[in-house]
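The residues of the chain are indexed from 1 along the displayed sequence.
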Amino acid sequence: MGDVRVRIAPSPTGDGAHIGFARTTLFNWLFAKHHQGTFVLRSEDTDAERSKPEYEEAIKRDLEWLGLTWDEFYRQSERSDRHREIAQQLLQSGAAYESYETPDEIQAQQTRAQQEKRNYVYEGKSRLMAEWLAEGGEKAQKAQTQIDVWKTEGRQPMIRFKIQDYAWDEDQNQWISLPKPTYREKLEQNNAVVVPDLIKGDTAYEFENPALGKQGAVVSDLVILRADGTPTYNFAVVVDDMDMKISHIIRGDEHLNNTPKQMLIYAALDMPMPQFAHLPMILDKTKKKLSKRRSEMDVYISNYQIKGFLPEAIVNFLARLGWSHGDQEVFSVDELIQAFSLDTVGLSPAVFDDEKLVWLNAHYIKTGDPIRLAELLRQQLVTDDILSESDAAALPSEKLQETVTLYAERASTLSEMAETGRFLFREDFAYDEKGVEKFIDADALTLLGEYAQNIEQAGDYSVSGMETFTQGFLDRKEKKFKHLAQPARLALTGQTKGAGLFETLTFFEQQNVVKRLQRAIEAWQ
């Protein structure tokens, strides 16, 4: 395989990276890394009303958090001169023409199509004028007269790219056939453009021609430059990919229908065609398309970061959304790079299973580096409003690492770890009401009080030392461990479940243990 260059081209119009976009980014990144190629990030920010710099930064931040760093970065709005240059090139070659129809006139065409119960196709009056100008003679004069009228009316033309081979002739009151663009003939097979796809195989898109009674998916000459000089998506993306020498376009299959139009532009420019690969869509559990507009779904990467998911878990999860490598479920990044291939991307839509994501995250917490997890937990305590930034910064790293050790086997997310371990960092925690009702009575209060009075006498304040001390205390009181365990756990943590009692005891200094026991006794009396 030659030089591999892939790109991801988000529109910065929302709050960071969506799950679907992140999956597409990952597949591009893995493909580039597998082939020692180049990964390009291009911000398609030409929608002036919706694109914002802060959205672009949010996307970058999310990708960096996932570890999906780019080799080159471009901003589409900075390439406007180049888009206009190529549009003029197509105009001069005869592959494009100036289109003077107003929005109201286009709307009227669409209304007629709807009333006649047919596909909307551009009726092509400006196209017909362009053909007559090229033809010369009396028709050229007629065409120039019409264009002069449009200009006198102050109309600013768009530039359209030639695709169709028909137009509506008002004089004849019928559709007429026009010469096919020569570049169309390069690609056309049986009245269709065939899109070769590395995942889906070949897909044929037939051309529409109402003059010949043919219906198809490829319809209407394409606006490539708006009247205000801004490029449209299907045009700008070709110019950018062409200039950036993109070798493979890996994107969601919602873009598949755009591909024939883009292939025709490549052909008109006589430029090498990239290889295309369209990924199957992602569905939610109800088998509906996973949409960023459905507020009940946590579809943005930043939401998962806030909830305490680890980037390696999300990367692993995203990789398995539509791609497989045998029965293996857990992958390191290096394993993903080595194993990734478009050949094993499935054809069927992938189902977003948040339970699988939670399972993966729990795995990476259990097997993760406690030192790294401790620092992530420090951030999580602030994110979850359990501690202020200053209080979190003051926490000793050793205590945070102890917390990770206590809860790594039990927590599925860092947020769960932070919330479950809230009592480790704050004194103002509540007691589980059902636990108090079940385990706290006069005998339990008496036992806790005596335990608090004796606990500072424990010489060996380690897990094993406290276990020995506590058993000796219970033997003297002729009590069993169950008489003390849950009341003590409730007093220390406010909870009835959690880490072992002696691991929890030794997390605190002996004086703090006594203080917590006495506070609970006073609250329950």
Side-chain angles (χ1 to χ4, degrees), residues 4-33 37-87 223-226 228-255 258-259 261-262 265-266 271 274 276-279 282 291-293 299-305 311 314-315 318:
V4 167
R5 289 179 60 84
V6 298
R7 52 75 168 171
I8 192 74
S11 297
T13 57
D15 297 327
H18 173 261
I19 283 288
F21 166 73
R23 194 272 299 261
T24 301
T25 301
L26 174 62
F27 281 21
N28 275 274
W29 187 85
L30 290 173
F31 188 80
K33 294 297 181 183
T38 302
F39 175 59
V40 175
L41 173 61
R42 184 172 72 230
S43 177
E44 297 193 339
D45 61 340
T46 51
D47 186 338
E49 291 184 3
R50 298 174 61 214
S51 296
K52 295 182 180 181
E54 57 265 33
Y55 292 158
E56 181 182 292
E57 289 306 311
I59 290 171
K60 286 182 174 181
R61 190 165 55 246
D62 287 346
L63 296 186
E64 287 175 333
W65 181 73
L66 290 171
L68 306 180
T69 53
W70 47 93
D71 302 302
E72 299 174 11
F73 173 75
Y74 301 92
R75 192 171 286 116
Q76 193 174 71
S77 61
E78 297 173 353
R79 294 177 42 78
S80 298
D81 289 345
R82 177 61 171 164
H83 299 141
R84 287 191 283 270
E85 176 188 346
I86 298 299
V223 175
I224 59 175
L225 209 66
R226 301 181 184 91
D228 63 2
T230 60
T232 59
Y233 165 77
N234 278 304
F235 175 61
V237 75
V238 170
V239 176
D240 293 342
D241 288 339
M242 176 184 73
D243 285 354
M244 296 169 196
K245 297 180 171 57
I246 300 302
S247 64
H248 295 76
I249 295 176
I250 305 169
R251 57 189 178 188
D253 62 4
E254 66 270 19
H255 291 287
N258 291 321
T259 308
K261 304 168 190 175
Q262 295 169 9
I265 297 174
Y266 276 104
M271 294 301 296
F276 295 95
H278 290 88
L279 306 174
I282 302 174
S291 172
K292 60 187 178 183
R293 293 177 177 86
V299 295
Y300 285 98
I301 294 298
S302 57
N303 288 340
Y304 288 96
Q305 183 179 3
I314 295 180
V315 165
L318 293 174

Participant: To the nearest 0.5 Å, what is the distance between OG1 on Thr13 and CD on Glu56?
Facilitator: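 Here the interatomic distance stands at 12.0 Å.
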Participant: Which residues satisfy the ring-ring contact (aromatic ring centres under 6.0 Å, His included) test with Tyr233, sequence neighbours excluded?
Facilitator: His255
Participant: Are side-chain N/O atoms of His83 and Thr230 paired as donor and acceptor at under 3.5 Å?
Facilitator: no
Participant: Testing Arg5, Arg42, Arg7 for salt bridge (charged side-chain N to carboxylate O under 4.0 Å, His left out) with Glu72, which one passes?
Facilitator: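 So the option named by the test is Arg5.
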Participant: Using side-chain heavy atoms (C-beta onward) and a distance below 4.5 Å, is Tyr74 in contact with Gln76?
Facilitator: no
Participant: With side-chain hydrogen bond (donor to acceptor under 3.5 Å, both in side chains) as the test, would you mind laying out the steps for His248 and Asn28 before giving the verdict?
Facilitator: CA-CA 9 Å; His248 295 76; Asn28 275 274; over 6 Å; no
Participant: Within the structure provided, determine whether Phe27 and Thr24 are in side-chain contact (heavy-atom separation under 4.5 Å).
Facilitator: no
Participant: Does any non-hydrogen side-chain atom of Tyr55 lie less than 4.5 Å from one of Asp45?
Facilitator: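 A side-chain contact under 4.5 Å is absent here.
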Participant: Do Val4 and Val6 have side chains that get closer than 4.5 Å, going by heavy atoms?
Facilitator: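 They are in contact (side-chain heavy atoms under 4.5 Å apart), so the answer is yes.
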Participant: What do the steps show when you test Asp253 against Leu279 for side chain to side chain contact (heavy atoms under 4.5 Å, CB included), and what is the final call?
Facilitator: CA-CA 5 Å; Asp253 62 4; Leu279 306 174; over 6 Å; no
Participant: What's the verdict on side chain to side chain contact (heavy atoms under 4.5 Å, CB included) for Met242 and Arg82, showing C-alpha distance, side-chain angles and the deciding distance?
Facilitator: CA-CA 11 Å; Met242 176 184 73; Arg82 177 61 171 164; 4.0 Å; yes
Participant: If you measure from CG on Asp241 to CD1 on Ile265, what distance do you get to the nearest 0.5 Å?
Facilitator: 11.0 Å
Participant: Using distance only, find each side-chain donor-acceptor pair of residues 60-67 under 3.5 Å and give its atom names and separation, not counting sequence neighbours.
Facilitator:
{"unit_1": "Asp62", "atom_1": "OD2", "unit_2": "Ala17", "atom_2": "N", "d": "2.8"}

Participant: Could you check if a side-chain atom of Pro12 sits within less than 4.5 angstrom of a side-chain atom of Ser43, using non-hydrogen atoms only?
Facilitator: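 Yes, their side chains come closer than 4.5 Å.
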Participant: Within a strict 4.5 Å, meaning less than it, do heavy atoms of the Thr69 and Phe39 side chains meet?
Facilitator: no
Participant: CG/Asp71 to OG1/Thr38 distance, rounded to the nearest 0.5 angstrom?
Facilitator: 5.5 Å
Participant: Under the criterion side-chain hydrogen bond (donor to acceptor under 3.5 Å, both in side chains), I'd like the reasoning laid out for Thr259 against Arg251: C-alpha separation, chi angles, the key distance, then a yes or no.
Facilitator: CA-CA 11 Å; Thr259 308; Arg251 57 189 178 188; 2.9 Å; yes
Participant: Could you tell me which non-hydrogen atom of Glu44 sits nearest to which non-hydrogen atom of Ala9, and how far apart they are?
Facilitator: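 Minimum heavy-atom separation between Glu44 and Ala9: OE2-CB, 3.2 Å.
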Participant: Are side-chain heavy atoms of Phe31 and Ile250 found at a separation under 4.5 Å?
Facilitator: yes
Participant: Give, for atom NZ of Lys33 and atom CG of Leu30, the distance between the pair rounded to the nearest 0.5 Å.
Facilitator: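 Interatomic distance, Lys33 NZ to Leu30 CG, rounded to 0.5 Å: 10.0 Å.
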Participant: Hey, what do you get for CZ (Phe235) to CD1 (Ile224), rounding to the nearest 0.5 Å?
Facilitator: 4.5 Å
Participant: Between Asn234 and Thr232, do the side chains contain a donor N or O and an acceptor N or O under 3.5 Å apart?
Facilitator: no
Participant: Where do Ile59 and Ser11 come nearest, in terms of heavy atoms and distance?
Facilitator: CD1-O, 4.3 Å
Participant: Might you point out which heavy atoms bring Pro231 and Arg226 nearest each other, and give the distance in Å?
Facilitator: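 Closest approach of Pro231 to Arg226, heavy atoms only: O-NH1, 2.7 Å.
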Participant: Can you say whether the rings of Phe73 and Trp70 are parallel (under 30°), tilted (30 to 60°) or perpendicular (over 60°)?
Facilitator: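 Tilted.
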Participant: I'd like to know if Asp243 pairs up with Arg79 as an ion pair, taking the criterion as any Lys NZ or Arg NE/NH1/NH2 lying under 4.0 Å from an Asp or Glu carboxylate oxygen.
Facilitator: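 Counted as a salt bridge, because a side-chain N and a carboxylate O are separated by less than 4.0 Å.
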Participant: To the nearest 0.5 Å, tell me how far Ile19 CD1 sits from Tyr304 OH.
Facilitator: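 If we round to the nearest 0.5 Å, Ile19:CD1 and Tyr304:OH are 5.0 Å apart.
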